[in-house]
Amino acid sequence: MKKDFENDFEKQGSPNEWGYKSYRQLAHELVEYVKENNYTHIELLPVMEHPLDISWGYQVVNYFAPTSRYGTPEDFMYFVDHCHQNGIGVILDWVPSHFPTDEHGLGKFDGKEIYAYEDPRKGFHKEWATYVFDYGRNEVRNFLISNALFWFEKYHVDGLRVDAVASMLYLDYSRKEGEWEPNIYGGHENLEVVSFLKKLNEIVHKKCKGVMMIAEESSSWPGVTAPVHLGGLGFDMKWNMGWMHDILAYFSMDPIFRKFHHGKLTFAIWYAFNEKFLLPISHDEVVHLKKAVIEKMPGDEWQKFANARLLYGFMFAHPGKKLNFMGNDIAQYTEWNSEISLNWEVLDYEYNNKFHFYFRELNRLYKEYPAFHEEDFDSKGFQWLDFSDSDNSVIGFVRYNSDKSEMLLFTFNMTPVLRENYVFGVPFRGYYKEIMNSNAAEYGGSGVGNLGGVHSEDAPRFEFLNSIKVTLPPLAMNVYKLDKSKECMESVESVQSEPELNELSELHELKLTPEVTSEENEPEFEIKEEERIHKEGSEPELHELSELHELKETPKVVLAESEPEPEIKKEERIDKESEMKAEKNMES
């Protein structure tokens with residue numbers, strides 16, 4: 001269980017007069033936790049000074065000051081520096097979309113609105129009761145762009161997640177007919193915002209190399225992550241809000257109904273590479289009246305946790321970067337409440353503890369295998385195996401790394417039904433080593449899996465020439481890594497040789513019992529396949545056997561009366577027995 005961190009550099013250690021720990025204490029606690037659980041970045045809700053705790057920082061009064069709740073600016077610098085020393089990136093939520101009406105902030109700064117639009121149809125946000133920045137004024141644009149640079153240059157953060165971009169782009173956002181004014185072309189796009197966002201991203205990327213600008217944009221606005229010189233807005237990533245809503249809706253329903261909503265699983269792939277997407281499970285989805293993620297899952301306790309493991313497995317396998325909100329990785333049962341701590345005590349429960357271990361391992365695999373993350377934004381890193389089996393709620397796909405030297409295969413069974421010998425076509429022959437099974441006992445599952453991996457077979461499936469037969473555990477994700485090593489390929493050859501001989505043997509039994517000549521004790525042997533086909537007719541089975549002989553070079557059998565027959569193969573034994581029966585018939 002996570003413990004409060006105590007350190008020597010600040011023995012006053014206990015929370016300050018407001019009940020908050022300091023940036024320095026939090027630096028050590030959070031870095032210890034994220035490293036232990038294999039995270040790469042920390043994203044903070046807005047740390048800019050704000051007057052209302054329950055606004056979570058999204059109503060900013062001082063854009064150039066980290067909130068004093070947790071200490072001084074130097075303390076926050078210590079926080080960022082300590083994260084960087086431990087290889088952890090820091091991303092801040094940033095709010096250039098609106099600001100509160102407080103007059104000790106930007107509201108009526110000199111007695112009138114100089115930061116917001118004067119016209120309330122553009123300048124007042126009814127849903128949030130806040131002011132909207134006037135993006136047409138150079139002074140306001142300069143204020144916001146310089147503020148973004150301030151956090152990069154003075155505090156060395158690694159990225160800004162730009163809040164509520166959709167509310168900025170559309171003049172009619174959360175407004176009824178008659179409550180908004182069209183642009184000069186009669187449309188609902190805020191052209192001044194488009195110009196501002198392009199300039200913002202151009203300047204940030206010019207002055208601060210390697211930083212991330214991430215848009216929380218919930219609409220289908222085209223080119224959010226396209227370069228500015230190609231007509232885009234210039235962001236590095238965009239939150240995939242559609243994926244988040246679809247996938248949470250899908251996993252919230254009883255598995256018996258999932259076959260009717262299969263498209264919620266597969267639809268996001270069809271647009272996954274139109275933008276550079278980030279897949280979030282955000283704070284907005286686990287707050288008051290929304291339920292915690294584990295409580296969104298249907299079924300009894302076992303099925304709830306199995307569904308949660310499956311949900312996050314699908315999220316991590318799906319193209320796009322990943323963002324998880326605090327408390328989700330311990331499966332806390334209560335909704336997130338900014339006024340209290342997370343429910344760390346749930347880690348005393350077996351299911352929660354095992355789920356937490358699963359999440360840690362999922363993060364580790366994500367970092368360890370490049371195919372998980374190298375080609376999130378390009379279709380060359382993704383390939384469907386099967387997306388059509390809605391009746392069984394099963395899908396499968398593969399992910400590749402950049403040079404395709406690594407391939408991971410993912411299968412998903414979205415129902416509590418165990419499915420054995422399920423066939424997936426595969427792009428390559430080889431041994432598919434099972435590197436993760438979300439149904440493993442150590443994660444809280446039943447332990448049913450594929451015993452370490454499966455060999456491919458030379459059996460076509462859809463457009464693939466090879467296939468695998470796998471066990472799909474109930475409500476589980478399985479991950480396989482293709483092993484092309486020499487030892488594994490030799491193992492594949494030996495495994496595949498046996499079913500091929502069995503197939504040939506069956507054909508011999510059914511169609512190729514040797515004919516016997518009228519001369520006693522003289523079997524017909526060394527008959528070429530083309531001669532046999534000419535004698536017996538061009539049956540499809542014989543053509544198939546002929547092809548098998550040509551491809552596999554099955555040796556022909558020669559029997560001599562005087563020669564012993566040690567280690568007679570199955571085909572030879574069948575031919576010999578048939579010959580002896582024929583001889584007895586002739587004698588009688």
Side-chain angles (χ1 to χ4, degrees), residues 30 34 39-50 55-60 63-64 66-67 76 79-80 83-84 88-99 128 130 133 144-169 173 193 196-198 200-205 207-208 210-219 221 223-226 232-245 275-287 315 320-328 336 338 373 376-377:
L30 285 174
V34 300
Y39 289 102
T40 61
H41 290 73
I42 297 172
E43 180 173 326
L44 302 176
L45 301 185
V47 300
M48 302 79 187
E49 192 62 86
H50 51 280
S55 75
W56 311 331
Y58 289 99
Q59 297 201 6
V60 180
Y63 277 77
F64 287 85
T67 177
F76 184 61
F79 176 91
V80 176
C83 289
H84 286 169
I88 304 299
V90 179
I91 302 170
L92 303 182
D93 278 18
W94 184 58
V95 192
S97 49
H98 63 113
F99 59 93
W128 300 326
T130 52
F133 283 104
L144 291 172
I145 292 173
S146 63
N147 182 244
L149 294 174
F150 170 80
W151 294 101
F152 286 121
E153 294 176 348
K154 300 302 181 184
Y155 290 95
H156 300 168
V157 300
D158 302 285
L160 294 178
R161 177 265 199 185
V162 182
D163 182 61
V165 172
S167 74
M168 300 166 65
L169 287 170
Y173 186 89
V193 167
F196 161 70
L197 291 175
K198 289 182 176 182
L200 166 70
N201 286 318
E202 275 188 321
I203 293 177
V204 164
H205 288 114
K207 290 185 173 290
C208 307
V211 300
M212 293 179 284
M213 294 292 287
I214 305 168
E216 188 225 356
E217 204 285 307
S218 55
S219 75
W221 187 281
V224 172
T225 57
L233 298 182
F235 284 96
D236 298 290
M237 280 179 272
K238 168 182 171 173
W239 273 30
N240 195 336
M241 309 289 281
W243 176 89
M244 178 175 69
H245 294 148
E275 299 278 6
K276 297 174 182 176
F277 282 117
L278 180 151
L279 310 182
I281 301 292
S282 75
H283 61 285
D284 285 324
E285 302 305 314
V286 293
V287 293
M315 174 183 176
K321 302 308 178 187
K322 318 298 185 278
L323 179 68
N324 181 45
F325 190 65
M326 58 182 175
N328 293 346
W336 176 65
S338 63
H373 58 261
D376 275 325
F377 306 140

*Asks:* For Ser146, check side chain to side chain contact (heavy atoms under 4.5 Å, CB included) against everything at least two apart and list the hits.
*Replies:* Phe64

*Asks:* Output all residues satisfying side-chain hydrogen bond (donor to acceptor under 3.5 Å, both in side chains) with Thr130, sequence neighbours left out; order by chain, then residue number.
*Replies:* His98

*Asks:* Check ring-ring contact (aromatic ring centres under 6.0 Å, His included) between Phe377 and all other residues, then give those that pass, not counting sequence neighbours.
*Replies:* none

*Asks:* What pairs with Trp94 under side-chain hydrogen bond (donor to acceptor under 3.5 Å, both in side chains), at least two apart in sequence or on another chain?
*Replies:* Asn147

*Asks:* Looking at residues at least two apart in the chain, or sitting in another chain, which of them share a ring-ring contact (aromatic ring centres under 6.0 Å, His included) with Trp336?
*Replies:* Trp56, Phe325

*Asks:* Could you tell me which residues satisfy side chain to side chain contact (heavy atoms under 4.5 Å, CB included) with Ala164, sequence neighbours excluded, listed by chain and number?
*Replies:* Ser97, Trp128, Ser167, Glu216

*Asks:* Has Tyr63 got a side-chain atom pairing as donor or acceptor with Val95's backbone, closer than 3.5 angstrom?
*Replies:* yes

*Asks:* Considering residues at least two apart in sequence or located in another chain, which fulfil the salt bridge (charged side-chain N to carboxylate O under 4.0 Å, His left out) criterion with Glu49?
*Replies:* Arg69

*Asks:* Tell me every residue that passes side-chain hydrogen bond (donor to acceptor under 3.5 Å, both in side chains) with Asn201, counting only those two or more places apart in sequence or in another chain.
*Replies:* none

*Asks:* For Ser55, which residues count as a side chain to side chain contact (heavy atoms under 4.5 Å, CB included) partner, sequence neighbours excluded?
*Replies:* His50, Leu52, Gln59

*Asks:* Output a table of donor-acceptor pairs, distance under 3.5 Å, between side-chain atoms of residues 275-284 and any protein atom two or more places apart or on a different chain; print 'none' if there are none.
*Replies:*
unit_1: Glu275; atom_1: OE1; unit_2: Val224; atom_2: N; d: 3.3
unit_1: Glu275; atom_1: OE1; unit_2: Thr225; atom_2: N; d: 2.8
unit_1: Glu275; atom_1: OE1; unit_2: Thr225; atom_2: OG1; d: 2.5
unit_1: Glu275; atom_1: OE2; unit_2: Gly223; atom_2: N; d: 3.0
unit_1: Glu275; atom_1: OE2; unit_2: Val224; atom_2: N; d: 2.9
unit_1: Ser282; atom_1: OG; unit_2: Asp284; atom_2: N; d: 3.4

*Asks:* Does a side-chain heavy-atom distance below 4.5 Å link Lys321 with Ile214?
*Replies:* no

*Asks:* Check side-chain hydrogen bond (donor to acceptor under 3.5 Å, both in side chains) between Asp93 and all other residues, then give those that pass, not counting sequence neighbours.
*Replies:* Tyr58, Arg161

*Asks:* Determine the interplanar angle of the Phe99 and Phe133 rings, folded into 0 to 90°, and report it as parallel if under 30°, tilted if 30 to 60°, perpendicular if over 60°.
*Replies:* tilted

*Asks:* List the residues meeting side chain to side chain contact (heavy atoms under 4.5 Å, CB included) with His156, not counting sequence neighbours, and say none if there are none.
*Replies:* His84

